[in-house]
**Q** 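Shown below is the structure under consideration.
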Amino acid sequence: MVDIYPAGDQALRVVFENKIDRDINARVNNLDKRIQQHELPGVKETIPAFRTLTVIYDALATDYLTLNEQIGSILSDWEQTPEKKKRIIEIPVCYDEHFGIDLIDVAKHSGMTVQEVIQLHSGRDYTIYMLGFLPGFAYLGGMDPSISMPRLRTPRSKINAGAVGIAGNQTGMYPLDSPGGWRIIGATPVKLFDAERASPFLFEAGDHIRFKPITMEDYNDIRALSAENDYQCQVLVEEDGYGNTDNE
Amino acid sequence: MGIQITSSGMHTTVQDQGRNGYQRYGFSVSGAMDSFSYRLANFLAGNTDQEAVLEMAGTGASFIFTESNTLAVTGAECCPKLDGRALKMNQPVWVEAGVELTTGVIKNGTFSYIAFAGGLHIPEVMGSQSTSTRYGVGGLYGRTLRIDDEIAFKAPLKSGQVKGLERGLSLNAPEKKEVTTIRFIMGSEPDLFSKTATETFLDTAYTVSSQSDRMGYRLKGSRIGTDQQQDSLSEGTVLGDIQIPPDGQPIVLMADRQTTGGYPVIGTITTVDIPKMVQCTPGEKVRFLPISLEEAHDLLKQQEEWFKSFEENRLSLKNGNASFKEKQSSELTVFEEWDNEKIKDIISVVDKSTLTLFTYKDDRIRIRIDKQQQVTDVMSEDAPVPETEEPSVPEQSTFTIYSNLVGLFFSRPHPDAPPFVVEGESVRADQTVARVEILNIQYDILAGTNGIIQSFFVENDQAIQYGQPLIELTVQEEA
């Protein structure tokens with residue numbers, strides 16, 4: 001079930017079923033891609049979220065009814081040809097206890113060894129449901145529930161940019177220094193957001209994240225390269241459902 | 001070069017049309033809060049492109065020209081002056097290098113804008129020159145302007161006025177009413193608000209809170225219940241969204257808003273009325289009027305036509321054609337000049353107060369009310385004014401603190417704290433006696449003289465206007 005509603009006089013919202021769900025979110029992100037491919041006149045910007053796509057338009061170049069019709073036809077079109085490829089961005093993460101200050105607590109909480117937590121955390125791909133909260137902050141879906149752990153009762157006043165953490169059933173990465181109550185299990189040397197870089201952000205809603213465990217030595221090397229903008233994350237394109245792999 | 005800042009103002013930033021295209025990545029749009037005044041400033045300065053301008057809030061900035069250029073000041077009245085000579089708002093003016101432009105307290109609104117011919121030499125970051133102070137990105141070093149900052153012009157005019165605009169633009173200034181009507185589009189997603197909640201929202205005149213800033217304006221008034229049992233899932237935000245958080249007090253999302261939000265949205269302010277909302281000062285009241293999408297789009301087109309005809313007139317005059325017709329529209333803008341009603345208001349305030357003598361003077365007007373002599377003088381500065389003597393010091397040697405700001409008056413540092421001062425207390429000249437808050441920025445009011453607090457003219461948490469008497473003291477000479 002899909003609905004389209006006006007959101008003010010220069011935006012509309014495509015609304016899917018009201019829950020956090022991988023398939024529903026995949027439809028949001030597919031619709032987002034298709035709208036961009038169609039280059040609909042007057043569309044200025046789209047904002048994908050868990051179960052909605054907000055479309056900002058220029059009311060002097062198009063109008064609500066026209067867009068409603070165009071998006072409606074894209075929706076019915078695409079139901080017949082669903083997206084099969086998935087784009088995976090590999091994020092190197094150092095799970096050393098130097099960074100993973102809460103790793104032992106998470107392991108205790110889940111009744112596992114530290115190694116098992118790292119394996120479970122890095123052994124699967126996560127879907128980026130949406131970006132928000134901070135520039136480049138990804139809401140990731142798909143964490144193994146056996147390593148979930150509630151937030152700290154008292155948030156820390158500063159978590160460093162690059163920190164990788166767990167909060168409840170969610171995992172995420174801090175793109176900027178920020179206060180926060182997440183359980184920190186590691187850190188990536190990669191700059192997740194850099195306003196001065198040609199592409200300030202590394203990934204989009206609908207992409208997938210794969211955490212790749214690295215050593216402290218790797219961390220320092222990559223961080224040095226990253227500071228010079230000489231490091232690029234590995235990007236893989238796979239058939240959805242782990243089909244043929246081919247590097248992009 | 002360009003300009004060198006001599007006074008920073010309260011919150012002066014470089015802004016343009018905003019950092020569009022990055023909301024999907026979690027990066028706020030920013031850009032000029034009052035997009036109408038922003039665009040007007042650029043038009044008046046002769047810019048066809050949307051160049052970056054200075055945006056000022058609360059009190060304006062001042063600066064020296066290190067290179068000659070043309071500028072225009074728009075938005076809320078900020079009393080601009082060139083080397084002390086008053087300059088009209090909404091008028092382009094050629095300024096020689098070495099001259100200082102000063103601005104003062106921003107009145108009858110919240111934001112003022114200064115555009116320069118050819119724009120400012122500020123690098124684009126992520127496609128925009130706008131300042132995002134939250135992330136330290138864009139503008140000048142990602143922050144508000146400070147004293148001694150220098151900004152170069154990008155392509156200044158080599159000489160002369162903007163052709164066709166020598167007389168500037170006299171915009172009709174509809175009176176600011178007791179309650180400003182803001183037109184909006186009702187949210188149409190079902191089940192978010194009950195009929196009663198919607199009725200409450202439409203029936204209430206909401207007061208703009210001082211807890212308002214470039215991210216959002218908080219409103220105070222009747223509480224609106226939401227029907228949602230659970231938190232709703234975050235979704236992309238839209239400029240002008242009216243969110244209803246759990247406390248039922250609306251928040252209007254502005255230029256620096258978070259990119260996504262989870263509070264239910266009862267509606268979204270129309271594009272043409274966002275500048276009107278932006279220019280509402282703390283304490284002002286607004287009421288929301290729902291209109292159709294078609295009406296909203298028509299209004300937007302009318303505004304576009306107005307800008308186009310304005311530009312065509314300018315071009316035709318530039319080409320030597322006759323008769324520049326100033327098109328004026330009462331729909332568009334906003335800012336009040338001195339008028340009889342306002343003067344009457346002042347007289348009635350003074351009349352009800354314990355003041356026996358009140359004088360006020362700015363670039364355009366001089367007011368003197370003497371209750372003992374039963375004389376009220378109001379003189380326009382446009383007319384030749386004989387040099388009058390300064391008002392004589394009243395016998396009892398009282399001193400009145402007048403507000404030099406528009407905002408909310410606080411007699412105590414926070415609601416539970418004791419007041420800064422009480423009646424009968426003796427104070428030093430540099431002592432804080434009250435606080436005024438605007439745009440979430442607090443401004444301490446100092447006694448200004450050694451003396452004894454006689455009386456307060458305003459109450460805690462009351463909205464105050466520029467020039468309003470606040471506190472009366474009995475002057476005591478230094479011991």
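We name chains A, B, ... by the order of the sequence lines, and we start the count at 1 in each one.
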**Q** Supply the atom-to-atom distance I56(A) CD1 to T237(B) OG1, rounded to the nearest 0.5 angstrom.
**A**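 The OG1 atom of T237(B) is 7.5 Å from CD1 of I56(A), to the nearest 0.5 Å.
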**Q** Does R39(B) CZ have over 12 foreign heavy atoms under 6.0 Å away?
**A**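 Counting other residues, nucleotides and ligands, CZ of R39(B) exceeds 12 neighbours.
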**Q** Could you tell me whether E189(B) and R51(A) have a side-chain N and a carboxylate O separated by less than 4.0 Å?
**A**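 The answer is yes: the pair qualifies as a salt bridge.
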**Q** Decide, yes or no, whether a salt bridge links E235(B) with R13(A) under the criterion of side-chain N to carboxylate O below 4.0 Å.
**A** yes
**Q** Is any side-chain heavy atom of L176(A) less than 4.5 Å from a side-chain heavy atom of Y135(B)?
**A**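 Yes, at least one pair of side-chain atoms sits under 4.5 Å.
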**Q** Please evaluate residues D63(A) and E294(B) with respect to the criterion side chain to side chain contact (heavy atoms under 4.5 Å, CB included), reporting the C-alpha separation (whole Å), side-chain torsions for both, the decisive distance (0.1 Å), and the verdict.
**A** CA-CA 9 Å; D63(A) 61 54; E294(B) 292 71 31; over 6 Å; no
**Q** Counting only non-hydrogen atoms closer than 4.5 Å, does Y22(B) touch chain A with its backbone (N, CA, C, O), its side chain (CB onward), both, or neither?
**A** both
**Q** Looking at R223(A), I'd like to know if its CZ atom is crowded, meaning that more than 12 non-hydrogen atoms belonging to other residues, nucleotides or ligands lie closer than 6.0 Å.
**A**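 At most 12 heavy atoms, drawn from other residues, nucleotides or ligands, come within 6.0 Å of this atom.
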**Q** Check whether S28(B) gets within reach of chain A through its side chain, its backbone, both or neither, counting any heavy atom under 4.5 Å.
**A**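 For S28(B), there is no contact with chain A at all, as no heavy atom is under 4.5 Å.
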**Q** Counting heavy atoms not belonging to R197(A), are there more than 12 under 6.0 Å from its CZ?
**A**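 Yes.
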**Q** Could you tell me whether the side chain of R24(B) reaches within less than 4.5 Å of the side chain of F201(A), counting heavy atoms only?
**A**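 No, too far: nothing below the 4.5 Å cut-off.
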**Q** Any luck finding a side-chain donor-acceptor pair between E204(A) and Y25(B) under 3.5 Å?
**A** yes
**Q** Can you tell which of L293(B), V272(B), I291(B) has the highest number of heavy-atom pairs within less than 4.5 Å of chain A?
**A**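 Max contact count across the listed options: L293(B).
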**Q** Does one side chain, of T271(B) or D9(A), offer a donor that lies under 3.5 Å from an acceptor on the other?
**A** yes
**Q** Yes or no on side chain to side chain contact (heavy atoms under 4.5 Å, CB included) for T260(B) and M130(A), after CA distance, side-chain angles and deciding distance?
**A** CA-CA 10 Å; T260(B) 55; M130(A) 59 181 278; 3.4 Å; yes
**Q** Please determine, among D241(B), T268(B), I269(B), the option with the most heavy-atom pairs under 4.5 Å with chain A.
**A**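 If we count pairs closer than 4.5 Å to chain A, T268(B) comes out on top.
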**Q** Heavy-atom distance under 4.5 Å between the side chains of I20(A) and L233(B), does that happen here?
**A**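 Sidechains of L233(B) and I20(A): in contact.
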**Q** For Q258(B), is it the side chain, the backbone, both or neither that has a heavy atom under 4.5 Å from a heavy atom of chain A?
**A**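 Q258(B) touches chain A through side-chain heavy atoms alone.
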**Q** Checking heavy atoms, do the side chain of E304(B), its backbone, both or neither come under 4.5 Å from chain A?
**A**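 For E304(B), the side chain is the part near chain A, not the backbone.
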